[in-house]
Amino acid sequence: MTEAGRDESALDADLVRRCQANDLAAFDIIVSRYKDRIYSYVRRMVPEDGEAEDVAQEVFVRAFQGIQRYDGRAGFTTWLFRIATNLCVDRSRYRSRRPQSVSLSHPHGDGRPAVDPPDHRYDPERIVLQNEMSAVVERAVGRLSDKLKTVLLLHDTQNLSYEEIAQAVSVPLGTVKSRLFLAREQLREALREYMRGSDAK
Amino acid sequence: MNGCEKYRERLMEYVDGRCDSFGDHVAVCESCRQAVQELRRVRELVAALPMHRAPDSLAEGVRVRLASRKKLPWVLAAWPRLVPAAAVAAAAIAALVALPRIGAHQRELAQAQDALHTMKDLHAQVQLAYILPADSPVAARPKPPSGGTEYDDLYDLDGM
């Protein structure tokens, strides 16, 4: 672990101790520190915009409710992403059992709006969509199964180690490596043409 | 990767910079070398995906949910910790309720066993009455229970 990583862990440990003493201000700091990472992860696991915020809020509520039982054996980040992963998988299972309806605002079913309304505010997502490669990668990641997507996102976008992912997802280390391999292999196939094109440029 | 599928875990570690020893194989295997290059490119592309910024309403939503859930009855909030104690209490209550009933059932069982023994004795006497000679003192026919007319036909075997 880097020195910065150790500082972050020490700060988390201090905040957790304060939360365990029912210090709500400390929990506010935790939410503020992790809200973008958790939301970003959940948003890719649960593509519907409104649902992603709902799930992300629930992650923090569950974390607060369970923080008395957090014993520090897993890193706090790992523990938080474990809660997030469980909630995302639950939501995904619920969605797959629910009769499918077509939203008028999101007819594609993947969060892309039918008509992109003019928005003059600074919008990072809009900039992302203008970047063709990012949009292609985003769609390819979205097509992975939940199991593969979880491992890929935790490793490549959230910087969790193989060991931390094994703890967060409750699978053996070998399964983490194997799923990561399969996820990247599927992306390699899906993005092969784009990679050749972009490399040529 | 032809024939090298068995190395997939080591290949993955090599792509992520965790297994330098696999470099010896990559140096002599063209397909693995290409796979490493492409998988590293995939990793870079995924890692370059932008962070989705959380909506401003997220933190406030968490505070509202926590405030509303704190109003839950304490017993619901503490339920996970209360389960073992509740199980012991339920077992104790069940024992208190069941013990007097067990006593009553034991008395009923004893009465039923007595009645069964009486019936067996009667049955044995009826059998003896029809096996032994009629003048045998042992073969004296059993008397029907007193005042019971419904038993009269049962013991009136002469007409059969």
Side-chain angles (χ1 to χ4, degrees), chain A residues 24 27-28 31-32 34-44 49 52-54 56-61 64-65 68-69 124-125 127-128 131 133-134 136-138 140-141 152-153 155-157 159 161-162 173-174 176-178 180-185 187-188 190-192 194-195 198-199, chain B residues 1-2 4-19 22 31-72 74 76-83:
Chain A
L24 277 172
F27 192 70
D28 269 347
V31 173
S32 137
Y34 282 98
K35 63 180 182 180
D36 285 342
R37 284 183 72 182
I38 291 293
Y39 177 75
S40 198
Y41 172 65
V42 169
R43 175 74 194 271
R44 291 193 169 102
D49 209 356
E53 184 179 353
D54 178 48
Q57 286 184 7
E58 194 60 27
V59 170
F60 289 109
V61 171
F64 185 78
Q65 289 174 332
Q68 299 294 341
R69 295 192 298 278
E125 283 184 9
I127 294 168
V128 168
N131 182 332
M133 194 67 197
S134 282
V136 169
V137 175
E138 199 83 72
V141 170
L152 180 88
L153 290 176
H155 189 272
D156 288 354
T157 68
N159 299 319
S161 66
Y162 296 168
L173 198 57
V176 172
K177 294 177 198 171
S178 162
L180 191 56
F181 175 82
L182 290 172
R184 286 177 177 162
E185 268 293 293
L187 288 183
R188 182 160 76 123
L191 302 174
R192 181 159 278 158
Y194 290 94
M195 287 197 292
S198 68
D199 288 345
Chain B
M1 290 280 291
N2 298 333
C4 301
E5 283 78 7
K6 58 190 173 191
Y7 300 135
R8 63 161 60 163
E9 284 187 14
R10 291 178 65 196
L11 175 81
M12 208 71 280
E13 291 184 77
Y14 184 74
V15 167
D16 288 324
R18 289 175 48 126
C19 173
F22 194 65
S31 63
C32 280
R33 195 158 53 246
Q34 190 183 346
V36 165
Q37 282 174 355
E38 290 181 355
L39 290 170
R40 280 188 173 154
R41 180 81 179 112
V42 166
R43 190 188 64 166
E44 287 167 9
L45 288 170
V46 176
L49 286 173
M51 182 89 84
H52 288 290
R53 196 172 143 265
D56 294 338
S57 52
L58 192 145
E60 182 56 28
V62 173
R63 276 192 286 271
V64 168
R65 285 187 192 200
L66 283 176
S68 67
R69 292 193 195 183
K70 273 201 297 186
K71 288 175 189 161
L72 282 174
W74 69 270
L76 287 180
W79 179 244
R81 292 194 299 279
L82 291 176
V83 166

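These numbers were taken from a predicted model, which means no experiment stands behind them. Each chain gets a letter, A, B and so on, in the order the sequences are listed, and its residues count up from 1.
Only the side chain of A:V31 comes within less than 4.5 Å of a heavy atom in chain B; its backbone stays farther off. Interface remark: B:V64 contributes no atoms to any contact with chain A (heavy atom separation under 4.5 Å). Using a 4.5 Å cut-off between heavy atoms, B:E13 contacts chain A through both its backbone and its side chain. When heavy atoms are compared at a cutoff of 4.5 Å, A:Y41 does not approach chain B at all. At a 4.5 Å heavy-atom cutoff, the contact between A:L182 and chain B is made by side-chain atoms alone. In this structure, the portion of A:L191 lying under 4.5 Å from any heavy atom of chain B is its side chain and not its backbone.
Within the 3.5 Å criterion, the main-chain N or O of B:A54 finds a donor-acceptor partner in the side chain of A:D36.
B:R40 CZ to A:R188 CZ: the interatomic distance, rounded to the nearest 0.5 Å, is 13.0 Å. Distance check: B:M12 CE to A:R184 CZ gives 4.0 Å after rounding to the nearest 0.5 Å. A distance of 6.0 Å separates NZ in A:K177 from CZ in B:R18, rounded to the nearest 0.5 Å.
Contact check for B:L66 versus A:F60: no side-chain heavy atoms found under the 4.5 Å cut-off. When side chains are defined from C-beta on, A:L180 counts as touching B:D16, because their heavy atoms get closer than 4.5 Å. B:L39 places a side-chain heavy atom less than 4.5 Å from the side chain of A:E185. Side-chain contact check for A:K35 versus B:V62: every heavy-atom pair is 4.5 Å or farther apart.
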Hey, mind stepping through A:E58 and B:R65 against salt bridge (charged side-chain N to carboxylate O under 4.0 Å, His left out) and telling me if it holds? CA-CA 8 Å; A:E58 194 60 27; B:R65 285 187 192 200; 2.7 Å; yes

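Here A:D28 pairs with B:R63 under the side chain to side chain donor-acceptor pair (under 3.5 Å) rule; sequence neighbours left out.
Looking at every heavy atom in both residues, B:G61 comes nearest to A:Q57 through CA-NE2, 3.4 Å.
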